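Accompanying notes for the structure given below.
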Amino acid sequence: MIQLLALMTAACDRWSPCQFLSRTVVPIFFAVTFLTTYSPFLSVCRAQSAPRPNIVLMLSDDMGWADPGFHGGDASLTPNMDRLAGESLRMTQFYAHSVCAPTRAALMTGRYAFRNWMDWRSEDFGKPSYLNKLGMKLAQNKRGEPTRMLHGLPGEERTIAEVLQDAGYFTALVGKWHLGEWLHEQLPRGQGFDHQYGHYGWGIDYNNYTIPHNSPATFAVYDWHRNGKPVDEQGYSTDLFANEAVRLISEQDADRPFFLYVPFNAIHGPLEDIPRYTDTLDKRSAALKCLDEAVGRIVNTIDQYGFSENTLVIFANDNGGLTEEVNRPYRGTKNTTFEGGVRVPCLMRWPNQIAAGETSTAMMHVVDLLPTFASLSGGSTEGCATLDGMDFSDVLLKQTPSPRDEIVFEVSGSVRLPTIRSGRYKLMGEQLYDVIADPGESTDVAKQHPDRVAKLKQRLDEFSKQRPPLSKIIGDPPILMDPPQPYVYGQSENANAPEWLKRRVDAVRATQPQSWPAGKTPWPQAPTGATIIYEGDGR
């Protein structure tokens, strides 16, 4: 106001009264009127044009809904997750698929896993009990050796990493891939990641980085890589993932946005030697506490290097835990489509852009991340195959209602029961549950709603018909893993496996069972019906 009066006084000294009115007072009047009237609108525009964020997406593995303190778990095990929850929007109806690889495929592509047969994990094509569900038998190579048919995320799929890479982002994967472990086009650097560190397969020994079995063979395979080469290291994988993520964040330039995807293998089995806390905690709890420390280190590094204000941090889980106890109050486990298998914790933090310390009941599925990231980054989904995902940027930034009213979890041809949620109801095979009134899915209401059951079955049938032929995905004839028992995952890496790696793998194999009784395998059998029972750490 003082500056405005000074301007008017100076103008009076130079101009006549008429000039003063026409050149100063009138324009100022209109300017003040415009700002007074439209300043709220301008403020909204500024809020709508948020800068392109860096994106750091952390994914835990097999953590239960009730494991973290913010969902009623032991808060002494997850202080860093709980602190992040207090700074985040907590999604209470965030869904994944019910097993590791399908969730990862849906995240990468924005498409339901059945669309590229990623509702089947790569290792399932080496497991007789799983192949029986497709009327198939274990493959054999030309030498008569049993081996798996190669399966992974098709190279022609446009991934979330490719969308962000094309938008100018540096893209890095630190952790578990589980979308193919042999062919280059199915590995991270063939799917849009500038940098890769971690393992390709389903679940490694945290300390020696071998996968304890390679279906159908039983012996260990080395699975620890950086940018397409095996790495000789020592340490606990959860800690090493945090180390790599911290290093990458510290090296980023504020002038270029980055996408850092950190899918931990924790707390997936095998839970062998945990480096800390086992003097007072069971192995699973100790592994959870180590995971929490890794999450804390990554978030603290984002803050320490000044990236927090312009970084979207997401922490979620890939599927439910192995027991109903860790998924309470929800029924079911990993590898089932009960709520305990598919409803997972999810936190989203972006200071001054996303509401902090609040909860959202918006129904969201992991497929929604790709179009949402594309929208926030200014990226394009052009070139993507038909997306099932929806843009949730307005839900996150403006708290608008969820655009989603339906989630397809499984269709026919899957290992698990065909399952769809529509509104408040979820159909699992022949069972119907009202997941709003009965989130614990204790009462099957199919008999009370025959018309709804028929409608949802018809809807599932429509989706089932959209599944492509399997031969389009695995080849006709199928491409086989050869040799059936490699030393290291990655076709080119195995062809040039160094001697130190062979010695290390041979030492691990010498400690493993050399044979298995008929009908016994070192992995769980395929689920039957709606449930599966895991023993031990679920490996």
Side-chain angles (χ1 to χ4, degrees), residues 58-63 67 77 100 123 173-178 181 196-215 217-227 229-247 262-298 318 322 485-490 493-494 497-514 522-523 534-539:
M58 294 176 283
L59 201 67
S60 58
D61 196 337
D62 285 7
M63 188 178 78
D67 275 321
L77 302 179
C100 309
E123 65 269 19
L173 165 70
V174 174
K176 171 180 173 176
W177 176 238
H178 202 188
E181 56 275 279
Q196 173 274 331
Y197 175 77
H199 60 103
Y200 302 150
W202 63 269
I204 58 167
D205 183 299
Y206 290 61
N207 298 286
N208 63 36
Y209 328 124
T210 60
I211 286 188
H213 62 79
N214 171 40
S215 55
T218 61
F219 292 122
V221 176
Y222 197 75
D223 194 11
W224 195 251
H225 324 257
R226 180 183 280 113
N227 293 329
K229 295 181 180 179
V231 184
D232 182 8
E233 288 186 311
Q234 290 184 338
Y236 182 64
S237 64
T238 303
D239 297 336
L240 295 179
F241 289 148
N243 292 348
E244 186 85 354
V246 164
R247 181 183 67 80
V262 190
F264 291 98
N265 63 313
I267 51 178
H268 194 295
L271 297 176
E272 302 290 358
D273 295 326
I274 315 298
R276 301 180 292 281
Y277 310 121
T278 51
D279 56 334
T280 57
L281 298 173
D282 63 89
K283 285 186 175 182
R284 188 174 183 277
S285 297
L288 178 61
K289 190 168 180 63
C290 290
L291 169 64
D292 180 76
E293 290 174 343
V295 170
R297 289 184 59 204
I298 293 171
D318 64 344
L322 302 184
Q485 184 70 68
Y487 268 102
V488 59
Y489 281 145
E493 295 175 61
N494 188 67
E499 288 304 315
W500 65 261
L501 187 154
K502 292 180 180 179
R503 288 194 299 270
R504 186 172 300 180
V505 172
D506 283 338
V508 174
R509 290 178 177 177
T511 67
Q512 293 184 278
Q514 303 300 297
W523 58 81
Y534 286 95
E535 297 178 357
D537 56 24
R539 72 180 70 179

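Just so you know, these numbers come straight off a predicted model, no measurement behind them.
Looking at Leu240 and Tyr197, their side chains come closer than 4.5 Å, going by heavy atoms from C-beta outward. In this structure, Pro263 and Leu173 have side chains that are in contact, with non-hydrogen atoms separated by less than 4.5 Å. Residues Val505 and Val221 fail the side-chain proximity criterion, which asks for heavy atoms closer than 4.5 Å. Between Tyr206 and Leu271, some side-chain heavy-atom pair lies under the 4.5 Å cut-off. Counting heavy atoms from C-beta outward, Val231 and Tyr209 have side chains that stay 4.5 Å or more apart. In this structure the side chain of Pro513 never reaches within 4.5 angstrom of the side chain of Thr218, judged on heavy atoms. Residues Ile274 and Leu281 are not in side-chain contact: their nearest non-hydrogen atoms beyond the backbone lie 4.5 Å or more apart.
Geometrically, Arg509 engages Tyr487 in a cation-pi contact, judged by NZ or CZ lying under 6.0 Å from the ring centre and within 45° of the ring axis.
Comment: Arg297 does not engage Asp239 in a salt bridge, judged by the lack of any side-chain N to carboxylate O separation of less than 4.0 angstrom.
Contacts of Arg247 classified as side chain to side chain donor-acceptor pair (under 3.5 Å), with partners at least two apart in sequence or in another chain: Glu244, Glu251. In this view, Lys229 satisfies the side chain to side chain contact (heavy atoms under 4.5 Å, CB included) rule with no residue, not counting sequence neighbours. Scanning for side chain to side chain donor-acceptor pair (under 3.5 Å) contacts around Tyr236 gives an empty result, with sequence neighbours left out.
Of the candidates Tyr489, Phe241, Trp177, Trp224 forms a ring-ring contact (aromatic ring centres under 6.0 Å, His included) with just one, namely Phe241.
The aromatic rings of His268 and Trp202 sit tilted relative to each other, their planes meeting at an angle between 30° and 60°.
For the residue pair Asn227/His225, the side-chain donor-acceptor check at 3.5 Å is not satisfied.
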